[in-house]
Each structure stands twice: as C-alpha cells, then as structure tokens.
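Remarks on the structure that follows.
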Amino acid sequence: MHFCPPCGNILHLERYGSQLRFFCQTCPYVYQLKETVYSEVRLDHQDVDDVLGGPEAWKNIDQITEATCSKCNNNRAFYQHLQVRSTADPMSTFYKCTSCGFRWREDGEDDE
C-alpha cells in the first residue's frame with residue numbers, strides 16, 4: 001500500500017492514457033509511475049502458545065480429570081477458557097495434556 005504524502009490516505013492506482021499513476025481520492029495528489037512499483041512484506045507466524053499468552057499462561061492453571069489426551073491417553077489436562085471470537089459466540093476451552101503437552105480445543109480441533 002502506498003499513502004498520500006499530503007493527507008495520509010491510501011493511494012489508488014489508475015490507468016491514465018498509456019501510463020499508470022497513483023492518485024488520492026481526497027486531495028489532488030497524483031504520482032505518475034515511471035517503473036514497476038512493488039513491496040514485499042514477510043509475515044512471521046506465531047506459535048499457538050504466543051497467541052494464547054505464551055508459556056507463562058499455562059502456569060498455575062487448573063487441571064481437570066475428565067479430559068483424555070488423544071496422543072497418550074492421559075486423563076489429566078490443564079484447561080483455560082478464552083473468548084476467541086465475537087462476544088456473541090460461546091467461549092472456547094483449550095486443553096494441554098499434563099503428560100505429553102499436546103494441546104487441543106474443546107470442539108476437537110488440534111492446536112498443535
């Protein structure tokens with residue numbers, strides 16, 4: 001994305017005759033393109049633990065005995081309730097096995 005230097009709004013691209021140019025819909029700013037313009041932004045993916053608060057979020061957390069790990073069949077897991085969607089949707093329960101550390105969500109979707 002490119003932004004208008006005078007007003008800061010997003011610049012739009014249009015063909016003007018045989019050339020391309022950026023223009024601002026708010027002010028009269030126009031920039032004629034003389035060569036190809038591109039920018040590349042690499043995104044780093046976060047680990048699930050980072051999204052859920054990092055390793056510290058699992059310390060001093062409650063355990064439950066009714067949760068069975070699908071990886072090692074251990075019947076104890078840490079759990080926490082988080083609001084991951086809009087407030088109109090129910091909270092999601094995330095589990096982490098006390099034995100192998102495997103993580104899953106209450107709806108059966110694996111987080112690892």
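Because only heavy atoms are used, hydrogens play no part in the values below, and waters and symmetry mates are left out as well, while side chains stay in.
Rounding to the nearest 0.5 angstrom, the gap separating the CD atom in Glu14 from the CD atom in Gln25 is 9.5 Å. From Ser99, atom OG reaches atom NZ of Lys71 across 13.5 Å, with rounding to the nearest 0.5 Å. Taking NE2 from His12 and SG from Cys4, the interatomic distance works out to 10.5 Å, rounded to the nearest 0.5 Å. Here the CZ atom belonging to Arg21 is positioned 12.5 Å from the CZ atom belonging to Arg15, to the nearest 0.5 angstrom.
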message = Using the rule given for side chain to side chain donor-acceptor pair (under 3.5 Å), can you reason through Asn74 versus Thr98, listing the C-alpha separation, both sets of side-chain angles and the distance that settles it, and then say yes or no?
response = CA-CA 8 Å; Asn74 181 34; Thr98 58; 2.8 Å; yes

task = Would you check, one step at a time, whether the test side chain to side chain donor-acceptor pair (under 3.5 Å) holds for Thr26 with Asn9?
result = CA-CA 7 Å; Thr26 307; Asn9 288 314; 2.7 Å; yes

key: Step-by-step side-chain contact (heavy atoms from CB on, under 4.5 Å) determination, Gln32 to Tyr16   = CA-CA 9 Å; Gln32 293 289 336; Tyr16 187 74; 4.3 Å; yes

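Closest approach of Gly101 and Lys96 over heavy atoms only: O-CG, 3.7 Å. Taking all atoms of both residues into account, the shortest heavy-atom contact from Trp104 to Cys97 is CZ3-N, 3.9 Å.
For Leu33, the side-chain contact (heavy atoms from CB on, under 4.5 Å) partners at least two apart in sequence or on another chain are Leu13, Leu20, Phe22, Tyr31, Val37.
Cluster partners of Met91 are absent, since no Ile, Leu, Val, Met, Phe, Trp or Tyr has side-chain heavy atoms less than 4.5 Å from it. Clustering of Ile, Leu, Val, Met, Phe, Trp and Tyr by side-chain heavy atoms under 4.5 Å joins Met1 with Phe3, Ile10.
In this structure, Pro5 and Tyr29 have side chains that are in contact, with non-hydrogen atoms separated by less than 4.5 Å.
Transitive grouping of hydrophobic side chains (ILVMFWY, heavy atoms separated by less than 4.5 Å) brings Phe102 and Tyr95 into a common cluster.
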